[in-house]
Q: 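Quick one: structure below, then a few questions.
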Amino acid sequence: MKIELAKLTIEKVHKHFIDGDFTSVELTQAYIDEIKKKDIDIHAYLEVFRDAIESASIADKRIKDGEASLLTGIPIAIKDNILIKGKIASSGSKMLENYHATYDATVIEKLKREGVVFIGRTNMDEFAMGGSTENSAYGVTKNPLDLERVSGGSSGGSAAVVAANMALASLGSDTGGSIRQPASFCGVVGLKPTYGAVSRYGVMAMGSSLDQIGPICKTVRDSEIIFDIIRGKDIHDGTTIDNDTYKSNLVSDSQIKSNDKKPVLGVPWHFLGDGIDDKVMQSFNNSIEKFKKMGYEIKEIKLPNISFSLMVYYVLMPAEVSSNMARFDGMRFGLYKNGESGIDDYFESRRAGLGREVIRRILLGTYVLSSGYYDAYYNRANAVRRMILDDFSKAFASVQAIITPTTPSSAFKIGEKTNDPVAMYLEDIFTVTANLTGLPAISIPMKVDETTEYSKTNMPIGLQITAKHGCESTLFEIAKDIEVK
Ligand code: GLN
């Protein structure tokens, strides 16, 4: 049977495996052929794993023995900051060019148990700091739909491989939007789970109170399948939530929408003002009309402190970055350069190993944490973070989910914002709130005109749906309803 990569989903592939239409080895080979054809231009992979075919043949045996789960034999790409034992994990940085992971991240361990085929590691902004993959030490990942544009970031490689059919799904990490924004730019689905839903053990920390791992897929259902496997309590990550907490959340959510009514959706209109592209607003308004036709109630909500989100994020995130990055000093971890003295070694190693954006954030973070400024910046930002969370809690008393565009614009041109960090930071305006509050959020493609295919003049735009803590199931339900099929 001829494998049509563009049409596959996890469930379809599983059925093909069971029916004997093709094997995991054949499918993995088909993806590798596609990578050979396309990735020269896109540059989404930093490495395609040599043992992918071997893992696929192990998966095939499991399928043959009737022991396959939905994910057995499915080729998935992994962001370069998630550890796979024995493989390089460089976090897109020269600092870790030769670093081989010594253990599996919990998410990897879980996927291995299912018999997933890891096809390769994907390009990213250095240490996940950025929104365009232009900050990778290994070159930019281009948008598969228009090679002059960025794929988004920091999980740009992970979004591009899914959009270009170079993997069926991928994992990314999201500290301020790094799963949802590239998913939005590439026309695929990206989920940032509730903080604590997925273990962070074995993912290189950027902002530890903000980071989450999540799937990037072609469909909402695929995201749900992967999320169900990677989530759960982990003794290695004290912030993880047990499944009982999830269950109690789900009960309270289903009580609100008893009698089969569609969930009520909140829109913070006051926040959707200037600076948003016309096309984005047009698509967003179309989505609202579509929701209404399906019987959803749309309600205006107020999030009085949401306009501070970006400022709060760009104080707290660098603060956490500056302490998390301290370990990359050439001695404990990373590239080592010999200087004139011990302290000089440290400067030389960091200067040689780290890129500009990473250095900028370490400096900023060290400044906001320094004595004399700690109260004025770090503590104040933390207080406002609480206020933002309170705003959301109040809003969720009357709605089950909140919708906004994922980003203020579609994918921008390569180089367009590189010299203007603030313009780049503004891209995160709608995504950072979910990280500050720990709420789950998903980005799914919406189209201005659903009959047209994506093209250079019709680039993808994402719709972001945010739900209460632990209510990913609400996100999936709504996202499946509105999904462009
Ligand atoms: N673009 C955001 C930043 O640069 C998000 C990064 C992320 O989520 N890892 O901080």
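As the structure lists them, so they are numbered: ligands from 1, and atoms in each ligand from 1.
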Q: Would you say Arg361 touches ligand 1, if touching means a heavy atom closer than 4.0 Å?
A: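 Yes, that is the case, since the closest heavy atom of the residue is under 4.0 Å from the ligand.
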Q: Would you confirm whether Glu472, through its side chain, and Pro440, through its main-chain N or O, come within 3.5 Å as a donor-acceptor pair?
A: no
Q: Out of all atoms in ligand 1, which are within 4.0 Å of some heavy atom of Tyr314? Include the element for each.
A: 2 (C), 3 (C), 4 (O), 10 (O)
Q: May I ask you to list the atoms of ligand 1 that are less than 4.0 angstrom from any heavy atom of Asp174?
A: 8 (O)
Q: I need the atoms of ligand 1 closer than 4.0 Å to a non-hydrogen atom of Gly176, numbered in the order shown.
A: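 The list of qualifying atoms is 5 (C), 7 (C), 8 (O).
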Q: Taking only heavy atoms of Ser154, which atoms of ligand 1 are found under 4.0 Å from at least one of them?
A: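 Those of ligand 1 that fall under 4.0 Å from Ser154 are 9 (N).
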Q: Would you please classify the geometry between the Tyr367 ring and the Tyr377 ring as parallel, tilted or perpendicular, with 30° and 60° separating the classes?
A: tilted
Q: Under 3.5 Å between any N/O of Met129 and any N/O of ligand 1: does that happen in this structure?
A: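 Looking only at distances, the answer is no, because the N/O contact criterion of under 3.5 Å is not met.
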Q: Would you check if the distance from the ring center of Tyr425 to the ring center of Tyr313 is below 6.0 Å?
A: no
Q: Please determine which of Thr122, Thr133, Asp125, Asn123 meets the side-chain hydrogen bond (donor to acceptor under 3.5 Å, both in side chains) test together with Thr141.
A: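 Only one option passes, and that is Asn123.
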Q: For Asp39 and His43, indicate whether the former's side chain and the latter's backbone hold a donor-acceptor pair under 3.5 Å.
A: yes
Q: Provide, to 0.1 Å, the distance between atom 10 (O) of ligand 1 and the closest protein heavy atom, together with that atom's residue and name.
A: Tyr313 OH, 2.6 Å
Q: I want to check something: taking the side chain as every heavy atom from C-beta on, are Ile465 and Ile402 in contact at a cut-off of under 4.5 Å?
A: no
Q: Pull out every atom of ligand 1 sitting under 4.0 Å from any heavy atom of Ala128, numbered as shown with elements.
A: 6 (C), 7 (C), 9 (N)
Q: Which residue and non-hydrogen atom of the protein lie closest to atom 2 (C) of ligand 1, and at what distance in Å?
A: Asp428 OD2, 3.1 Å
Q: Side chain or backbone, does Met317 bring an N or O within less than 3.5 Å of an N or O on ligand 1?
A: no
Q: So is there a nitrogen or oxygen of Met206 less than 3.5 Å from a nitrogen or oxygen in ligand 1?
A: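 By distance alone, the answer is no.
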Q: Keeping Ser155 on the side-chain end and Ser158 on the backbone end, is there a donor-acceptor pair under 3.5 Å?
A: no
Q: How close does the nearest protein non-hydrogen atom get to atom 6 (C) of ligand 1, and which residue and atom is it?
A: Ser178 OG, 2.9 Å
Q: With distance as the sole criterion, is a donor-acceptor pair present between the side chains of Ser91 and Asn81 under 3.5 Å?
A: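 No pair is found: no donor N or O on one side chain lies under 3.5 Å from an acceptor on the other.
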Q: Using distance alone, determine whether Gly153 and ligand 1 share an N or O pair under 3.5 Å.
A: no
Q: Without swapping roles, check the side chain of Asn165 against the backbone of Leu168 for a donor-acceptor pair under 3.5 Å.
A: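 No, because the side chain of Asn165 does not come within donor-acceptor range (under 3.5 Å) of the backbone of Leu168.
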